[in-house]
Amino acid sequence: MDLALYLEERKQLVEHALEELLPPVHRPPQRLNAAIRYSLMGGGKRLRPILVLAAAEAVGGGIPPLLPFACAMECIHTYSLIHDDLPAMDDDDLRRGRPTCHKAFDEATAILAGDALLTYAFELAAHPVAGLDPAIQLDALAQLARDAGIHGMVGGQMMDMEAENRSISLPELQNVHIHKTGALIRCATLAGARLGGGSPEEIRALKRYGEACGLAFQITDDILDEVGDTQVMGKTAGNDRKRNKASYCSLLGVAQAREEAASMVREALEALSPFSSVADPLRGLVRKLLDRTH
Ligand code: GRG
């Protein structure tokens with residue numbers, strides 16, 4: 001299986017759908033629509049929407065009906081990056097290789113672009129999925145709200161802020177990661193499995209895969225922050241150290257952090273053991289995390 005080709009094709013599908021589904025720049029309020037498009041269409045790996053599609057494909061689901069939900073996940077992710085970059089949070093100038101939204105526009109516009117993306121995401125996630133029991137879609141939508149909000153990403157971001165400038169244990173750090181980054185990644189594979197029509201066993205397996213994949217992703221993000229290259233990553237390296245933030249690298253060292261990431265990848269692959277080659281894109285994706293450079 002050609003993973004690079006698979007990822008490129010799915011990325012194109014997602015980007016084409018985003019182009020179609022987003023309000024055009026010429027429609028008022030133009031400045032808000034321009035800021036939204038600037039952040040959303042300015043690069044990014046599209047990991048979360050691709051995970052939705054790959055999980056759905058692993059359970060025999062079709063792609064086109066799921067594109068609005070997959071795009072909703074990218075909208076939520078992009079809003080979180082815009083807000084995370086604001087002066088009140090990480091105060092970053094560079095994102096996806098370009099000036100952050102508040103640098104390219106202004107702070108108030110960036111706040112509103114994030115707010116608008118979050119709410120637009122739920123408009124997209126509520127697009128009826130053809131042929132699917134609406135109760136299943138409602139479950140996926142409620143799960144998305146939980147994983148993006150207090151009990152997921154936003155809650156994790158708060159824990160992360162509270163952990164700055166103090167020493168925390170590895171289990172505490174893991175808890176931050178599970179919420180801040182892991183919840184949305186797990187939500188992607190869970191939603192794909194549900195909306196793709198998976199059996200309860202398949203849904204459980206893909207949820208477990210998403211959990212392990214989310215942790216592997218965050219650990220490799222910590223490693224990149226420590227040893228990565230700002231130019232290649234398109235965002236500023238060394239932020240954790242600068243802000244005196246605990247990370248897998250500060251708690252374990254880079255070598256042990258790599259070991260932990262590899263162990264999470266093994267766990268994710270183990271979760272996929274009931275699946276045939278239909279899950280090969282998911283297998284390839286999580287293996288690829290170990291040598292990612294951005
Ligand atoms: C502000 C509510 C709120 C939440 C922010 C996700 C997050 C929570 C902050 C982002 C900070 C950060 C660098 C987290 C580490 C993991 C992460 C989300 C990295 C960026 O995601 P990628 O690598 O980015 O998927 P691209 O640009 O490829 O989409």
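No hydrogens, no waters, no symmetry mates; every other heavy atom, side chains included, goes into these values. Order of listing sets the numbers, starting from 1, for every ligand and every atom in it.
- Figure legend: cation-pi geometry between Arg292 and Phe217, with NZ or CZ positioned under 6.0 Å from the six-membered ring centre and within 45° of its axis.
- The closest non-hydrogen atom to atom 3 (C) of ligand 1, taken over Lys180, Glu74, His77, Gln157, comes from Gln157.
- Looking only at atom types and distance, the side chain of Gln218 has a donor-acceptor partner in the side chain of Asp222 under 3.5 Å away.
- The side-chain heavy atoms of Ile111 and His102, taken from C-beta on, include no pair separated by under 4.5 Å.
- Selection from Lys45, Arg95, His177 by nearest heavy atom to atom 23 (O) of ligand 1 gives Lys45.
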- Message: Checking Arg95 against Asp90 for the salt bridge (charged side-chain N to carboxylate O under 4.0 Å, His left out) test, could you report, in this order, the C-alpha distance in whole Å, the side-chain angles of both residues, the deciding distance, and whether it holds?
- Response: CA-CA 12 Å; Arg95 172 67 66 183; Asp90 264 6; 6.0 Å; no
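- Close approach of ligand 1 to Gly44 is summarised as follows: ligand atoms under 4.0 Å from at least one heavy atom of the residue are 26 (P), 27 (O), 28 (O), 29 (O).
- Nearest residue to atom 18 (C) of ligand 1 from Arg48, Met153, His83, Met89 is Arg48 (criterion: closest heavy atom).
- Close approach to Val154 involves these atoms of ligand 1, each under 4.0 Å from a residue heavy atom: 2 (C).
- The ligand atoms of ligand 1 that sit less than 4.0 angstrom from a heavy atom of Tyr79 are 2 (C).
- When only modelled atom types and interatomic distance are considered, Thr109 and Asp106 share a side-chain donor-acceptor pair under 3.5 Å.
- Taking every heavy atom of Asp84 and a limit of under 4.0 angstrom, the matching atoms of ligand 1 come to 1 (C), 9 (C), 10 (C), 11 (C).
- Within the listing of ligand 1, atoms 26 (P), 27 (O), 29 (O) sit less than 4.0 angstrom from a heavy atom of Arg96.
- Here the heavy atom of the protein found nearest to atom 6 (C) of ligand 1 is Ser80 OG, 3.5 Å.
- Within a 6.0 Å radius of NZ in Lys103, other residues, nucleotides and ligands contribute 12 heavy atoms or fewer.
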